[in-house]
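Take a look at the structure set out below.
Note that ligands are numbered from 1 as they come in the structure, with each ligand's atoms numbered from 1 the same way. The basis for the numbers below is simple: all heavy atoms, side chains too, and nothing from hydrogens, waters or symmetry mates.
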Amino acid sequence: MTKQQDGQADFQPEEVILVKLGEIVLKGLNRSRFENILMKNISRRLEPLGNFSIRSAQSTVYIEPLDAAADFEAAVDQVSRIFGVIAYTRARVTEKSMESILREAGAYLGGTLRRARTFKVESKRSDKRFPKTSPQISAEVGEAILNQYPHLAVDVRQPDVTVRVEVREVAAYIHSDALPGAGGIPVGTGGRAAVLISGGIDSPVAAWMMAKRGVELTAVHFASPPYTSLRAEEKVCRLLERVSAYAGRLYMVTAPFSHIQEEIRERCPEEYFTLIMRRFMMRIAQRIARRQNCSALVTGESLGQVASQTIQAIACTDAVAEMPVFRPLIGMDKSEIVLASRKIDAFDISIEPYEDCCTVFTPRHPTTRPELAKVEEAESVLDIDALVEESLQGIYTRKIVPGQTEFDFA
Ligand code: ATP
Ligand code: MG
């Protein structure tokens with residue numbers, strides 16, 4: 001054993017993170033698969049932050065720093081954004097003696113207890129050799145807390161704070177109420193999908209919502225240089241980084257779109273510009289999706305938001321899709337989408353004023369009730385296959401990882 005490992009073996013963490021698993025506990029036979037994926041996601045997310053031990057027992061995942069260099073605060077922050085975590089809490093680890101439990105409970109939860117008016121203590125003893133029963137532990141801890149914080153009263157029905165003491169095999173843990181986690185199910189349990197991502201408010205939220213349902217994402221972005229700038233593309237990278245804080249690392253595939261748009265503008269009726277453009281996006285995105293093993297597309301459309309998002313327009317867009325198209329925002333109001341966008345810290349980036357390929361070629365009077373046959377006729381003057389191939393020839397891929405702040409733009 002090297003010196004360093006020696007040091008690790010001696011290291012006693014003062015605090016750990018306890019993670020409560022969400023829906024995955026309900027999944028019966030799938031449970032262990034879900035749990036394994038969640039553990040893998042947690043360990044991948046904590047890897048840049050130092051050495052942690054991650055193990056699960058009785059529907060709880062224990063995350064313990066293995067040395068003093070492990071960044072515990074950053075780990076707590078990461079855990080709050082991992083899908084599949086229903087709730088989490090930091091907990092004080094202490095020796096399994098009543099003396100240290102009584103001392104630590106009041107000290108560790110001091111900040112919370114000072115702000116509260118009422119509390120109760122709940123204890124659990126999975127180590128049955130521990131000399132006190134759970135009710136005895138609760139009573140003694142409660143008394144010690146009352147002595148230390150005389151302003152408090154006990155309320156067993158609706159306390160402001162519940163002090164929890166767990167006496168387990170290796171140590172005792174003290175914590176208060178858990179915080180709500182990101183919810184959802186672990187990314188990687190729900191297959192793979194390609195999300196069409198713009199620089200707007202909606203598509204990053206759509207991506208986040210699908211990741212929340214366990215879907216692993218690849219992002220497809222259409223860029224129209226010179227009408228759109230590299231800054232606009234960099235903005236999309238930063239938005240995706242916000243998504244990756246929840247969804248984990250992902251690939252962003254950028255596809256050139258200017259030639260297609262120029263052709264449409266030159267040769268198709270203006271009222272169909274947007275629709276024909278969206279049909280091209282679908283065709284190209286699903287080719288990229290297949291290459292990346294994705295079996296669905298995701299967009300940030302919401303019913304009635306703009307002309308291309310009416311039922312009839314969506315029907316025309318979907319007519320070229322050969323895989324399911326998910327639109328998780330379809331029934332959401334803009335204000336609800338904005339709320340979600342703020343929650344994931346994407347909003348301030350989304351509203352930066354960079355042009356998107358869609359805004360560059362916006363028709364003045366788009367049709368809101370298109371007929372598929374007319375759209376097909378309008379686009380039939382274009383060499384669709386060749387234009388799709390040309391765009392696919394020009395794609396390039398970037399990797400986006402959580403926490404990334406720099407993107408290489410020549
Ligand atoms: P967003 O806020 O996501 O840009 P939006 O309300 O502006 O959405 P549109 O511009 O009509 O709506 O785009 C609808 C959807 O089409 C977007 O949510 C996104 O999924 C996709 N999309 C739009 N522009 C692009 C682009 N440049 N690259 C990839 N996908 C795009
Ligand atoms: Mg947009």
On the ring face of Y62, is R55 found with NZ or CZ under 6.0 Å from the centre and within 45° of the axis?
yes
Tell me whether the NZ or CZ atom of R125 lies within the 45° cone about the ring axis of F130 and under 6.0 Å from its centre.
no
Going by the closest heavy atom to atom 6 (O) of ligand 1, which one wins out of V205, D202, V298?
D202
Carboxylate-amine/guanidinium contact E301 R278, below 4.0 Å
yes
Taking the six-membered ring for Trp and the single ring otherwise, decide whether the centroids of F72 and F52 are under 6.0 Å apart.
no
Using a heavy-atom cut-off of under 4.0 Å, does the side chain or the backbone of V220 touch ligand 1, or both, or neither?
backbone
Can you confirm whether the side chains of S176 and T112 place a donor and an acceptor under 3.5 Å from each other?
no
N/O to N/O below 3.5 Å, does that happen between G199 and ligand 1?
no
Counting heavy atoms only, which of E301, R278, R327, H221 is nearest atom 13 (O) of ligand 1?
R278
Output for pair (R44 CZ, I82 CD1), nearest 0.5 Å, gives 11.0 Å
Do M332 and M209 come close enough that some side-chain heavy atom pair is under 4.5 Å?
yes
Is there a donor in the side chain of R192 and an acceptor in the side chain of T218, or the other way round, less than 3.5 Å apart?
yes
Looking at R117 and D155, is any side-chain nitrogen of the basic one under 4.0 Å from a carboxylate oxygen of the acidic one?
no
Is ligand 1 under 4.0 Å from a heavy atom in the side chain of I197, in the backbone, in both, or in neither?
backbone
Per-atom filter on ligand 1: closer than 4.0 angstrom to a heavy atom of G300 are 17 (C), 18 (O), 20 (O)
N/O to N/O below 3.5 Å, does that happen between F222 and ligand 1?
yes
Can you find an N/O atom of P204 closer than 3.5 Å to an N/O atom of ligand 1?
no
Short list, please: which atoms of ligand 1 are under 4.0 Å from a heavy atom of Q305?
6 (O)
For I201, counting its heavy atoms only, list the atoms of ligand 1 lying under 4.0 Å from any of them.
2 (O)
If you count the atoms of ligand 1 from 1 in the order shown, which ones are under 4.0 Å from a heavy atom of M281?
24 (N), 25 (C), 26 (C), 31 (C)
T299: numbered ligand 1 atoms lying under 4.0 Å from its heavy atoms
20 (O)
Would you indicate which of Q309, M282, K334 comes nearest to atom 11 (O) of ligand 1 when only heavy atoms are counted?
Q309
Provide the number and element of each atom of ligand 1 under 4.0 Å from a heavy atom of G200.
1 (P), 2 (O), 4 (O)
